[in-house]
Amino acid sequence: MRVRFAPSPTGALHIGGARTALYNWLLAQQAPENRLVLRIEDTDRERSTPENVEQILDALGWLDLNWDEGPIFQSDRADRHREVLAQLLENGHAYRSTATAEDVKAYKQQHGSDRGFRGTPEDTGAVRLRVPDTGATVVGDVIRGDTAFEHVHLDDPVIARADGSVLYNFAVAVDDLDAGITDVVRGEDHLSNSPKQLLVFEALGVEPPRYAHLPLLHGPDGKKLSKRHGAASVQELRDAGYLPEALRNYIALLGWGYDDETTLLSTEQMIEGFRLERVSRNPAVFDEQKLRWMNGRYLRELPLDELTRRLEQFTGRSGIEGAVSIAQDKMQTLADFEPLCAFIFDGPADDAAAFDKVIGEDGGAENLAAARAALAATEPFDHEHVETALRGVVEERGVKPRQVFQPLRVALAGSTVSPGIFETVALLGRDETLRRVDEALAKTTA
RNA sequence: GCCGCCAUCGUCUAGGGGACUAGGACGCCGCCCUCUCACGGCGGAAACCGGGGUUCGAAUCCCCGUGGCGGUACCA
């Protein structure tokens, strides 16, 4: 089996494209003889650089992937395309015509909808492929079964411009043929174009590949997923702090289920269990909430040093392992780290409302002062002893735990939200903790 | 307009004639845990688009309707 990966030419890989790529990749991994061929479907070489391709792979965490062949650029194959084009012109399967889109429209107006456009050969003009007058072209789809397109409904498609440059539907067929592609897995938006490609194979007298058209991905409003739905490319998702492994897991499930109850699955499980025939036929809605949840699960399972490494790369900070260790359970994406932990490095946030509400309230300052005194005497200054000391304050003053912990939290973080208070205090250390508490206390008397 | 694809909880899905009182997951609601926010645990509400067939029996098969989506470029 030879499958292909034809990423978006812009380099900003759409989530739908990422899923197609993932499925192709899974198929290629399932048997040692299977091959994955990278093909760039673009006539503009400038927009489709190897760097773009690398960016895409990086977003999916597949940088270690070894491509069997490629990338094959459509723009590099112009000579071969012209050669095949000449062959088709020669044997009468194609002809030149100056008919424009308006001419085709007028033709159909005149002949009714049950008769596709058939031009008359001329010396110049665009090249059209001759569609047989009768019969039908059947697209055998692994996911959907057979779909027949009656030839009477098909217009002779233009396969090359007047200047001889070829069009997508022709080029892709020739390239797939030459690359020996056996299985084409792509988005459903290509289904209606399939007969054009099949007709090219037919005209060439060769066996076409098998096809599998994946359902499209929609945004929450049911429309085709696009920029206006927020993050629509895997790079954007990566920038939003999602892990490649979570992305892979989530995307794989958009149109396919491992079994009746498994949601979290490893790449190995995906390779083992993926079946093209079992891919869903209906469009899926991209739901970032579920991705967030799943990302949180993967985040929590990461070893501390690995998560630290990724967060250092993501935030540009260093020496954050301590903060990572006390925040890991509270994050869903890498982007959650900053708002939760920036205070540890940059000092308390300036949230006057939180300050007034918690420290300015009845007994807040007094409880904070008591906590300060207890912490000043805590030795050694670690999680365990800090907790003992602070719980002692609670007991001593006969108040609720939160009446002591919240003022302290606000004094240290400047916010009512932070990692656990004992861990935070222990991490900051005695000097820094007391300094921040004193600063807060000073503000209450001022 | 024409051609085509699709149709199970709000969302992703399991289901391929009796195992369905329709299963799992996210989200939502409630309870528990609890120093905040989370995590975690327990419980709950929530779906077979409509109508005809076929069959002893239909979420599953067929037809029609409706709806959604895609294609219909000298774009890819």
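Order of the sequence lines fixes the chain letters, A, B, ..., with proteins taken first and strands second; residue numbering starts at 1 for each chain.
- Among the nucleotides B:G27, B:A76, B:G70, the one closest to the side chain of A:Y168 is B:A76.
- A:L254 comes within contact range of the sugar-phosphate backbone alone, with a heavy-atom separation under 4.0 Å but no base atom that close.
- For the pair A:L216 CG and B:C69 C1', the computed distance is 7 Å after rounding to whole Å.
- One atom, CD of A:E288, and another, P of B:C12, lie 15 Å apart when rounded to the nearest Å.
- The one candidate from A:Q74, A:R39, A:R80 that meets the side-chain hydrogen bond (donor to acceptor under 3.5 Å, both in side chains) condition with A:D175 is A:R39.
- Nearest-nucleotide assignment on RNA chain B puts the 5′-proximal partner with A:F286, out of A:F286 and A:P401.
- Within the 4.0 angstrom heavy-atom criterion, only backbone atoms of the sugar-phosphate kind lie near A:T263; the bases stay farther away.
- Ring geometry, A:F337 versus A:F345: the interplanar angle falls from 30° to 60°, so the pair is classed tilted.
- Considering only heavy atoms from C-beta on, A:R144 comes within 4.5 Å of A:E188 through its side chain.
- The side chain of A:N282 contributes an N or O atom lying less than 4.0 Å from OP1 or OP2 of B:U8.
- Within 4.0 Å of A:H190, counting heavy atoms only, lies at least one base atom of the nucleic acid.
- Residue A:D189 is in sugar-phosphate contact alone, with no base atom involved, counting any heavy-atom pair closer than 4.0 Å across all strands shown.
- If you check every strand for non-hydrogen atoms under 4.0 Å, A:F422 touches a base.
- Here B:G10 sits opposite B:C26 as a Watson-Crick or G-U wobble pair (both hydrogen-bonding atom distances under 3.5 Å).
- Residue-level contact check: A:P215 touches neither bases nor backbone, having no heavy atom under 4.0 Å from any strand.
- Surrounding CD of A:E122 are more than 12 heavy atoms belonging to other residues, nucleotides or ligands, all under 6.0 Å away.
- Applying the ring pair (Phe, Tyr, Trp, His ring centres under 6.0 Å) test to every pair with at least one member in residues 113-163 of chain A, sequence neighbours left out, gives these pairs: A:Y107-A:F117.
- Using a 4.0 Å heavy-atom criterion, one finds that A:R297 contacts the sugar-phosphate atoms exclusively.
- The separation between A:D156 atom CG and B:C74 atom P is 12 Å, rounded to whole Å.
- Residue A:G296 is out of contact with every strand shown, counting any heavy-atom pair closer than 4.0 Å.
- Using cut-offs of 30° and 60° for the angle between ring planes, the A:H190 and A:Y168 rings count as tilted.
- Close to B:A76, at under 4.0 Å from its OP1 or OP2, lies no side-chain N or O of A:R186.
- Comparing B:G27, B:A76, B:C5 by their closest approach to the side chain of A:R161 singles out B:A76.
- Taking the O4'-C1'-N9-C4 or O4'-C1'-N1-C2 dihedral as appropriate, B:C32 has a value more than 90° from 0 and is therefore anti.
- A sub-4.0 Å separation between OP1 or OP2 of B:A7 and a side-chain N or O of A:R281 is present.
- Here B:G71 presents its C1' atom at 11 Å from CG of A:N169, a figure rounded to the nearest Å.
- Counting non-hydrogen atoms under 4.0 angstrom, A:R292 reaches nothing in the nucleic acid.
- A close approach under 4.0 Å does occur between a side-chain nitrogen or oxygen of A:R278 and OP1 or OP2 of B:G15.
- The separation between A:M270 atom CE and B:U13 atom P is 15 Å, rounded to whole Å.
- Backbone-only contact: A:A284 has heavy atoms under 4.0 Å from sugar-phosphate atoms and none from a base.
- Of the side-chain N and O atoms in A:T147, one or more sit less than 4.0 angstrom from OP1 or OP2 of B:C5.
- The salt bridge (charged side-chain N to carboxylate O under 4.0 Å, His left out) search around A:E432 returns A:R435, A:R436, not counting sequence neighbours.
- Along RNA chain B, the nucleotide nearest A:A101 and the nucleotide nearest A:Q406 are compared for position; the residue whose nucleotide lies closer to the 5' end is A:Q406.
- Counting only heavy atoms from C-beta on, A:N193 has its side chain closest to B:G71 among B:G71, B:A25, B:A14.
- Side chain of A:K290, nearest nucleotide from B:C35, B:C12, B:G71: B:C12.
- A:N249 has its CG atom 11 Å from the C1' atom of B:A25, to the nearest Å.
- A:I143 places its CD1 atom 17 Å from the C1' atom of B:A7, with the value rounded to the nearest Å.
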